[in-house]
Amino acid sequence: MTENERDAALKSDYIRDLVAADTASGRFDGRVQTRFPPEPNGYLHIGHAKAICLDFALAAEHQGVCNLRFDDTNPSTEDVSYVDAILEDLKWLGFTPASVFHSSDYFEQLYEWAEFLIMRELAYVDDQGPEAVAEQRGGFGRPGVDSPFRSRSTDENLDLFRRMRAGEFAQGSRVLRAKIDMQHENMQMRDPVMYRIREETHHRTGDSWSIYPTYDWAHGQSDAIEGVTHSLCSLEFSDNRELYDWYLSQLPIEGPLPYQTEFARLELTHTVTSKRQLKELVTAGVVDGWEDPRLPTLRALRRRGYPASSIRDFCAFIGVARTNARHDVELLESFVRTELNRSSLRRMAVLKPLKLIITNWPTDADGMPVTDDRTLANNPENEDDGTRTVPFSNELWIEHDDFKMEPPPKYFRLSPGREVRLRGGYLITCTDAVCDEDGTPIEVRCTYDPATAGGAAPDGRKVKATIHWVDAKSAVDGTVALYERLFATKSPGEDTGQPIDDLNDESRTLMEGCKLEPALANTRSGQVVQFERLGYFAADPDHKMLFHRTVGLRDEWARLEKQAKGQ
RNA sequence: UCGGGGAUCGUUCAAUUGGCAGGACAUCGGGUUUUGAUCCCGACAAUGGAGGUUCGAGCCCUCCUCCCCGAACCA
């Protein structure tokens, strides 16, 4: 548990208050058990992370358990590949479920309970198709009407239901429905479907079932079977709660029954967090698959370099509420920066290289420029991270943005006549620059002060800027992917209903031919380092020398430039 | 239209359950600095509206407005 998570544990919210009240009253003998119940039909994203953190934290705060349960009741959309991915992502996020269950583990028990309801005249087989059922359901403020099959005899229902199971009927031809109240004000209670016929192979039960339980019929009962006490879910299930309770109350289940509590799902600015919308982005080819670093899926965030702990801290910090809210993605990024600032090693990389020549650099006996091995701290925030050696010579790469022939106001960096510090190197003074016909600088010429090795001047004189650099001879080439917001607007699709209309065309910029200091050739796959003065960058796990910008550093100069432009 | 839920600084989460509306992020200003980073200090800024109860209302009551969810054999 990080500090932030501990702090959150001390906080109270309406869910923690409920749980505390239950433990105090002995409702579940003081037991707290939760579950994270994903459907294996998509990849986990930041929204799931909120639910995961909540489910696990709540259990942990009361020495309870949190299980993972795959809600695999619909073989048409589910697949093992998602099961594996969810397991992997959950582990990466830092959580280990006490047990891994599947709703399909309970198919036989659910079936028995369904027969039980039939015998109590609380369920019936409806021979109608989906259209007729929907038609009879009524609408908002408009009561439904009873199905013509509603009052079948128990024997006929039992016979039909068993034949449904045996696979005698075609998909869509019949369903089993709970007999509740077609006039109920809550649409969920208007004789909801419990079983539908599916001629599909289930990823775990194979072809042994022809009928599959619906979410409502499976969920609460699965909770009860596992001994769940607090069943947390998102707000859109509020209306299902009444049905959740109804099913449990009709069944012969011993002991205190689990109950459902809802909370608002997480939304973030400039992105989407719905499986459907994410899938659209992937299938439309807007992004390169589910792992594209611009996506809010956990595997994408991992590739991008977001530390799992920063996601956990973020989730703990935002807490839980019933308000539909869209959190500023900058808040998430501030947690990422905080973590990476203390944990990432510092390196130097030049993304837009500009040649810099030191004209008074010493040569050896053969007339070749000498190489000076500079020693730089790996992380000034943490001395234990040690130092590294960075070669320095007469030919260097600096950032294009760090030199201007004619410096604008408040620009502290290099320009003719100016002295700046090369980080960890020397103080240099620009003497002149070579430009191409457009006036774009192509080579900067400087002299260095030999007395300033390491970057400090013995006479105590100050320079206003320190810039980063990479020695040209020893530099290694790399590719850097720069990311901006995937969507240009805070709430994608707010105007047109189509998030895709709000895409940011410049969400990814590939920088080829970047010049990196030699140590970066040894970056571990997935490792996140800070490119000094630029941001945090994650080494791609599959492609050597490809780095993804996790998040940029705060940039005062960029702010000033923007301000100047705005005027 | 009916049912359910919600509304507090720009954003988001708080407010000891009726007692000086607080934090974080963002923004703005300043200090430190061999990263215009980090760090530190300061500032800005809110109870959707109208009534009512009360010594006292973000909190309780009434009415209004706005937002979200719900009419899959999805979850």
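Just so it is clear: chains get the letters A, B, ... in the order the sequence lines come, proteins before strands, and each one is counted from 1.
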request  = List the steps and the verdict of side chain to side chain donor-acceptor pair (under 3.5 Å) for A/Arg346 and A/Asn379.
outcome  = CA-CA 6 Å; A/Arg346 310 295 131 118; A/Asn379 183 0; 3.1 Å; yes
key: Evaluation steps, side chain to side chain donor-acceptor pair (under 3.5 Å), between A/Arg265 and A/Asn324   = CA-CA 7 Å; A/Arg265 59 193 311 157; A/Asn324 286 308; over 6 Å; no
task = Could you please spell out the steps behind the salt bridge (Lys or Arg N to Asp or Glu O under 4.0 Å) verdict for A/Glu419 and A/Arg461?
result = CA-CA 11 Å; A/Glu419 183 174 49; A/Arg461 73 179 187 276; 2.7 Å; yes
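Comparing the P positions of B/A21 and B/A45 gives a spacing of 15 Å, expressed to the nearest Å. Remark: the separation of the C1' atoms in B/U12 and B/G18 is 26 Å, to the nearest Å. Remark: the separation of the C1' atoms in B/U47 and B/U33 is 41 Å, to the nearest Å. Rounded to whole Å, the P atom of B/U27 lies 30 Å from the corresponding atom of B/C67. For B/A46 and B/U11, the C1' atoms lie 12 Å apart once the distance is rounded to whole Å. Rounded to the nearest Å, the gap between the C1' atom of B/G48 and that of B/C59 is 16 Å. Between B/C13 and B/U8, the distance separating the two C1' atoms is 10 Å to the nearest Å. For the P atom pair drawn from B/A7 and B/G58, the interatomic distance equals 15 Å after rounding to whole Å.
A donor-acceptor contact under 3.5 angstrom links the side chains of A/Ser147 and A/Gln128, judged on distance only. Side chains of A/Gln188 and A/Asn186: a donor-acceptor N/O pair is absent below 3.5 angstrom, by distance only.
Heavy atoms of A/Ala134 sit under 4.0 angstrom from primed sugar atoms or phosphate atoms, though from no base atom. Contacts of A/Tyr411 with the nucleic acid, taken as non-hydrogen atoms under 4.0 Å apart, include base atoms. In this structure, A/Leu560 reaches the bases: a heavy-atom distance under 4.0 Å links it to at least one base atom across the strands shown. Using a 4.0 Å heavy-atom criterion, one finds that A/Tyr195 contacts no nucleic acid atom at all. The residue A/Leu553 sits close to a base: some heavy atom pair falls under 4.0 Å. Using a 4.0 Å heavy-atom cutoff across all strands shown, A/Arg413 reaches at least one base atom of the nucleic acid. Residue contacts for A/Lys410: at a heavy-atom cut-off of 4.0 Å it reaches a base atom on one of the strands shown. In this structure, A/Gly144 reaches neither bases nor backbone, as no heavy-atom distance under 4.0 Å exists between it and the strands shown. No engagement by A/Gly535 is indicated, since no non-hydrogen atom pair under 4.0 Å with the nucleic acid exists. Heavy atoms of A/Asp239 sit under 4.0 angstrom from at least one base atom. Counting any heavy atom pair closer than 4.0 Å across all strands shown, A/Thr269 reaches no nucleic acid atom. Residue A/Glu532 is in base contact, counting any heavy-atom pair closer than 4.0 Å across all strands shown. Residue contacts shown for A/Val463 are absent, as no nucleic acid heavy atom lies under 4.0 Å away. Here A/Asp216 lies out of heavy-atom contact (under 4.0 Å) with every strand.
Regarding A/Tyr536, its OH atom lies at a distance of 7 Å from the C1' atom of B/A37, rounded to whole Å. In this structure, A/Asp191 atom CG and B/A72 atom P are separated by 14 Å, rounded to whole Å. Rounded to an integer number of Å, the gap from CD1 of A/Ile318 to P of B/C13 is 8 Å. A/Arg423 places its CZ atom 10 Å from the C1' atom of B/U33, with the value rounded to the nearest Å. When the P atom of B/G36 is taken as reference, atom NZ of A/Lys562 falls 19 Å away, rounded to whole Å. Atom CG in A/Leu332 sits about 18 Å away from atom P in B/A24, given to the nearest Å. A/Asn186 has its CG atom 12 Å from the P atom of B/G3, to the nearest Å. Rounded to an integer number of Å, the gap from A/Lys462 NZ to B/U35 P is 11 Å.
B/A72 has its base syn relative to the sugar, with a glycosidic angle deviating from 0 by at most 90°. Regarding the sugar-base torsion, B/U17 falls in the syn class, its angle being within 90° of 0.
In this model, a side-chain donor or acceptor of A/Gln530 finds a partner on the base of B/U35 within 3.5 Å.
OP1 or OP2 of B/C28 has at least one side-chain nitrogen or oxygen of A/Arg559 nearer than 4.0 Å. Residue A/Arg196 has a polar side-chain atom (N or O) positioned under 4.0 Å from OP1 or OP2 of B/A75. The side chain of A/Thr73 places an N or O atom within less than 4.0 Å of a non-bridging phosphate oxygen (OP1 or OP2) of B/A75. Here A/Arg533 reaches the OP1 or OP2 of B/G36: one of its side-chain N or O atoms lies under 4.0 Å away. Phosphate proximity of B/C73 to A/Gln128: absent, as no side-chain N or O sits under 4.0 Å from OP1 or OP2. Within the structure, every side-chain polar atom (N or O) of A/Arg337 is placed at least 4.0 Å from both OP1 and OP2 of B/C39. A close approach under 4.0 Å does not occur between any side-chain nitrogen or oxygen of A/Arg137 and OP1 or OP2 of B/C2.
Side-chain atoms of A/Trp557 lie closest to B/G36 of the nucleotides B/G36, B/C68, B/C73. Counting only heavy atoms from C-beta on, A/Phe140 has its side chain closest to B/G70 among B/G70, B/C13, B/C73. Of the candidates B/G23, B/U38, B/C13, B/U38 carries the atom nearest the A/Arg554 side chain, counting heavy atoms from C-beta on. For A/His327, counting side-chain heavy atoms from C-beta on, the closest listed nucleotide (B/G36, B/U12, B/C74) is B/U12. In the set B/C74, B/A71, B/G6, B/A71 carries the atom at the smallest distance from any side-chain atom of A/Met187. Residue A/Tyr215 places its side chain closer to B/A75 than to any other of B/A75, B/C25, B/A7.
Nucleotide B/C2: paired with B/G70 (Watson-Crick or G-U wobble, both distances less than 3.5 Å). Applying the Watson-Crick and G-U wobble criteria (two distances, each under 3.5 Å), B/C63 pairs with B/G49.
A donor-acceptor contact shorter than 3.5 Å is absent between the side chain of A/Thr387 and the backbone of A/Thr375.
For the pair A/Gln188 and A/Asn41, both in contact range of RNA chain B, the more 5′-proximal nearest nucleotide belongs to A/Gln188. Sequence order on RNA chain B of the closest nucleotides to A/Asn379 and A/Ser238 puts A/Ser238 first from the 5' end.
Taking the six-membered ring where the residue is Trp, A/Phe237 and A/Tyr215 present tilted rings, their angle falling between 30° and 60°.
An aromatic stacking contact between A/Phe317 and the base of B/A24 is absent, as defined here by ring centres under 5.5 Å apart and ring planes under 30° from parallel.
Within the cation-pi definition used here (under 6.0 Å to the ring centroid, within 45° of the axis), A/Arg165 qualifies as a partner of A/Tyr111.
Under a 4.0 Å N-O distance rule, the pair A/Asp127/A/Arg152 qualifies as a salt bridge.
For A/Phe547 and A/Phe537, the ring centers are positioned 6.0 Å apart or more.
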